[in-house]
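I have placed the structure first, in the form of structure tokens, so that the comments after it can refer back to it.
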Amino acid sequence: MSLCTADPTHNELSRGELKSIWLAEIGPNAPAQINRKTLIKLLINEREWKASGQSRKRFQKGLTRLVEAAHASKPQAHAGNRLVREWHGQEHIVDVLPDGYLWNGKAWRSLSAIAKEITGTKWSGPRFFGVSA
């Protein structure tokens, strides 16, 4: 039974096979209410930790730093950029201007207003388009 991030065959493992791996590598009591996909992620994470040779606490701190860095590194929207977002199968293109945004041939003052127009719901525009404010 194979289980690693680079090996797609783990997607073919049954829940029973995953629980057998859990029992052999981690111990009894694999979480019962956890879905298959999350169980795979936990097993992969456990293997990565063991392979790192680090203490669990140090490994978790490293993972936390990576996640925080990924969240902090959202691209900035600068004049001249083009933002593209697909929503319900339709592609929306927004051009970033020095003093606002251009979408559907109309100038807008905020990304949030555009996101609300697209979705019909209040959204953070930067979050909707995946950029920093």
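Values below: every heavy atom of this structure, side chains too, minus hydrogens, waters and symmetry copies.
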>> Can you confirm whether Asn29 is buried at CG, in the sense that more than 12 heavy atoms of other residues, nucleotides or ligands lie under 6.0 Å from that atom?
In response: no

> For the residue pair Val131 and Ala77, what are the closest heavy atoms and their distance?
Replying inline: CG2-CB, 4.1 Å

>> Can you tell me how far apart CG (Leu66) and NZ (Lys61) are? Round to the nearest 0.5 Å.
In response: 14.5 Å

> Which heavy atom in His92 sits nearest to a heavy atom in Trp87, and how many Å separate them?
Replying inline: CD2-CB, 3.9 Å

>> Please report the interatomic distance CD(Gln76) to NE2(His78), rounded to the nearest 0.5 Å.
In response: 5.0 Å

> For atom CZ of Arg127, is the number of surrounding heavy atoms from other residues, nucleotides or ligands below 6.0 Å larger than 12?
Replying inline: no

> Taking atom CD1 of Ile21 and atom CD1 of Ile26, what is their separation to the nearest 0.5 Å?
Replying inline: 10.0 Å

> Looking only at heavy atoms, what is the nearest atom pair of Leu39 and Trp22, with distance?
Replying inline: CD1-CE3, 3.5 Å

>> Minimum heavy-atom separation for Leu83 and Leu111, please, with both atom names.
In response: CD1-CD2, 3.8 Å

>> Would Lys106 pass as a cation-pi partner of Trp103, given that its NZ or CZ must be under 6.0 Å from the six-membered ring centre and within 45 degrees of the axis?
In response: no

> How long is the span from the CZ atom in Arg56 to the CH2 atom in Trp49, to the nearest 0.5 Å?
Replying inline: 4.0 Å

>> Working to the nearest 0.5 angstrom, can you tell me the gap between Ile93 CD1 and Asn104 CG?
In response: 9.5 Å

> Do you know which two heavy atoms are closest between Glu12 and Glu17, and how far apart they sit?
Replying inline: O-OE1, 4.1 Å

>> Check Lys41 with Glu46, please: is the shortest side-chain N to carboxylate O separation under 4.0 Å?
In response: no

> Within the side chain of Thr38, is there an N or O that forms a donor-acceptor pair under 3.5 Å with the backbone of Ile34?
Replying inline: no

> Are the side chain of Lys50 and the backbone N or O of Glu25 linked by a donor-acceptor pair below 3.5 Å?
Replying inline: yes

> Distance from Ile118 atom CD1 to Arg85 atom CZ, nearest 0.5 Å?
Replying inline: 8.0 Å

> How is the hydrophobic cluster of Leu97 composed, in terms of its other members, when Ile, Leu, Val, Met, Phe, Trp and Tyr link through side-chain heavy atoms under 4.5 Å apart, directly or indirectly?
Replying inline: Leu102

>> Under a 3.5 Å distance rule, please check whether Arg36 uses its side chain to pair with a backbone N or O of Ser14 as donor and acceptor.
In response: no

> Are the side chain of Trp108 and the backbone of Gly100 linked by a donor-acceptor contact shorter than 3.5 Å?
Replying inline: no

> Got Lys116 and Ile114 here, is their nearest side-chain heavy-atom distance under 4.5 Å?
Replying inline: no

>> Can you list everything that forms a ring-ring contact (aromatic ring centres under 6.0 Å, His included) with Tyr101? Sequence neighbours excluded, please.
In response: none

> Can you name the closest pair of heavy atoms from Ser112 and Gly125 and give their distance?
Replying inline: OG-N, 2.8 Å

